[in-house]
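Structure, as structure tokens:
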Amino acid sequence: METTIENPWLKWQAAFAEEGMTQMKRWSRLPLIAEKARKVTKGATPSEVVHRVDHIKLLHYPSNKPVKHKTPLLVVFALVNRPYILDLKEGRSVIRHFVDAGFDTYLIDWGSPTLADRYLGLDDYINRYMDGLVDFVCERAGSSKASILGYCMGGTMSTIYTALHRERVANLMLMAAGIDFSTREGLLNLWADPNYFDVDEFVDTFGNCPAEFLQSSFLMLKPVGNLIEKPLNFMENVHNDKFVEDFLTMETWLNDNISVPGEIFREFVKSLYQKNQLVKDEFHVRNQRVRLKDVTCPLLNIVAKGDDLVPCSQSLALNDLVGSNDRKTMLVPAGHIGLAVGGKAQRETWPAVCEWLAERSSSK
Amino acid sequence: MSDGKDTPWEQAAAFQKIWSDTFSKMTQGAFQFSPDSAPPEFMRQMRSSMFQALGKTWEEFMRSPEFLSSMKQTMDSAIAFKKMTNEFLVKAHDEMQGTSKEDLRALMAAVGRMEANVHARLDRLEERLDELNPKTSPPKPKSAKKAAARSAKAVAKKKVVTKKKTASSKRSR
């Protein structure tokens, strides 16, 4: 019986040669990056601006298919970044799932606040803007109620809105919404500690919370991942067109920060991050007490297991605090952004969410 | 990096512990090597475990009182610097008989207070009207009343609706 002994050096030599060739490919693709970055588009699903209030735009997503459900869907994003993360690109769009499932879908684009908006607080955003937009959407759809999908800070705002205006909300869906801020799992909760962060002094001096401040805070949540691993990973895959396209689309969104109106930033940090008033039923929006028990509509709480911005425990608390009989939690193995654009979320979570909503929306 | 490390020596020892832990984790990662691993793959594995260890160390450091204190100091300095710049610019504008951002802020704050007063007054008037006319205006839930009022306000504020097909061209591309 003849046995062949493989020379390990040959294997190593081949691997080095292959790596050398790949490295050459990488270098050859580098000059094309700027051109590719210019081609990045924002938003994939056709939309039209149907309403404007101050700097806020309401986007409607018309569909070629007939609308199956009478209850319109209003998507509320955070004030921190741009909302097109929910409609990032073909195959990575939460909005597309709802439009294809026959929902009359609207999205609030909060716009970019100027210094003149520094005094806008939660009362303005919830009781004036959101309420006015829900009225507009309902009137347009011929429905007395709307379903709401809130993401991140938009989820917290949607919960407060629902508690204050329960007669206007048919179904409430939340994605990574911060509710119980007592947790110290997340670094943001720790950094917002009143012993280390004087939000009054900060807002009084800067006016609006600068976009650069927020961006650097988010980067610092995972400095090794964001500042070392990510660029290295990009360099390693620069010859892979699909990877580069996804990377540039995501980076365009990540770096497209906007400042947050000073007053609402102060309210969020002080009343929620520092005093955790929402879960204690002590939170007030212009003299109106927010009681989570007043949320009585069907509730779907979508939580990301690996979320470092809004840790699981911060969102999970809600289901025990609301007055809804019909409430469900969906735990998704993803991060804060992966919850919207991640492959698994796109394949499994969003079709299931559409199904959940369809069961609870009146048909046309 | 736990609480109560007040002396420089204790702080230095805590830092040393973090870094010695990191290097021991890195070394552990580096020695998970099998003879069959091709060098680039082996390097990637080693790098990955190094970054993992480094990430954990940083996370731990960013939770430490030392980091939080230095963060506070940085924030205080940034705020002090911004205040100083603001004051200087306000003075300069004032000297030149110009309008500074600070003047605009004061004006906006005054408008904001005025708006709040008007709202409060309207709310009181609404309640008094309801009390005067209980038969003609049946009681409504508070939030519904407010919604109706704000809806009217929103309609008044409504600007020209602009329709813009934004993404149709993108899709064809």
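Naming convention: chains lettered A, B, ... in sequence-line order (proteins, then strands); numbering from 1 in each chain. Every heavy atom of this structure was used, including side-chain atoms; hydrogens, water molecules and symmetry mates were not.
- Between atom CG of residue A:N287 and atom NE2 of residue B:H119 there is a gap of 12.0 Å, rounded to the nearest 0.5 Å.
- Within the 4.5 angstrom heavy-atom criterion, only side-chain atoms of A:F197, from C-beta onward, approach chain B.
- Contact annotation for A:R118: only side-chain heavy atoms (C-beta onward) come within less than 4.5 Å of a heavy atom of chain B.
- Heavy-atom neighbours of chain A within the stretch residues 81-96 of chain B, taken at a separation under 4.5 angstrom, comprise B:K82, B:K83, B:N86.
- Within 6.0 Å of atom CE in A:M24, 12 or fewer heavy atoms from other residues, nucleotides or ligands are found, so the atom counts as exposed in its surroundings.
- Residue B:A116 does not touch chain A at all, counting heavy-atom pairs closer than 4.5 Å.
- Residues passing the side-chain hydrogen bond (donor to acceptor under 3.5 Å, both in side chains) test with A:T114 are A:D117, sequence neighbours excluded.
- For the pair B:I79/A:F206, a side-chain contact is recorded, criterion being any heavy-atom separation below 4.5 Å from C-beta on.
- Proximity to chain B (any heavy atom under 4.5 Å) is shown, for A:D193, by neither the backbone nor the side chain.
- Heavy-atom distances place no part of A:E18 under 4.5 Å from chain B, backbone and side chain included.
- Both the backbone and the side chain of A:Y196 come within less than 4.5 Å of a heavy atom in chain B.
- The two residues A:N195 and B:K72 come nearest to each other via the heavy atoms O-CD, 3.3 Å.
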Which side-chain N or O atoms in residues 217-230 of chain A pair as donor and acceptor under 3.5 Å with protein atoms at least two apart or in another chain?
unit_1: A:S217; atom_1: OG; unit_2: A:F213; atom_2: O; d: 2.8
unit_1: A:N226; atom_1: ND2; unit_2: A:L219; atom_2: O; d: 3.1
unit_1: A:N226; atom_1: ND2; unit_2: A:K222; atom_2: O; d: 3.2
unit_1: A:K230; atom_1: NZ; unit_2: A:E251; atom_2: OE2; d: 2.7

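- Partner of A:L190 under the side chain to side chain contact (heavy atoms under 4.5 Å, CB included) criterion, chosen from B:M62, B:M71, B:R63: B:R63.
- Heavy-atom pairs under 4.5 Å with chain B peak, among A:L232, A:D87, A:V134, at A:L232.
- With sequence neighbours excluded, the residues forming a side-chain hydrogen bond (donor to acceptor under 3.5 Å, both in side chains) with A:N233 are A:N237, listed by chain and number.
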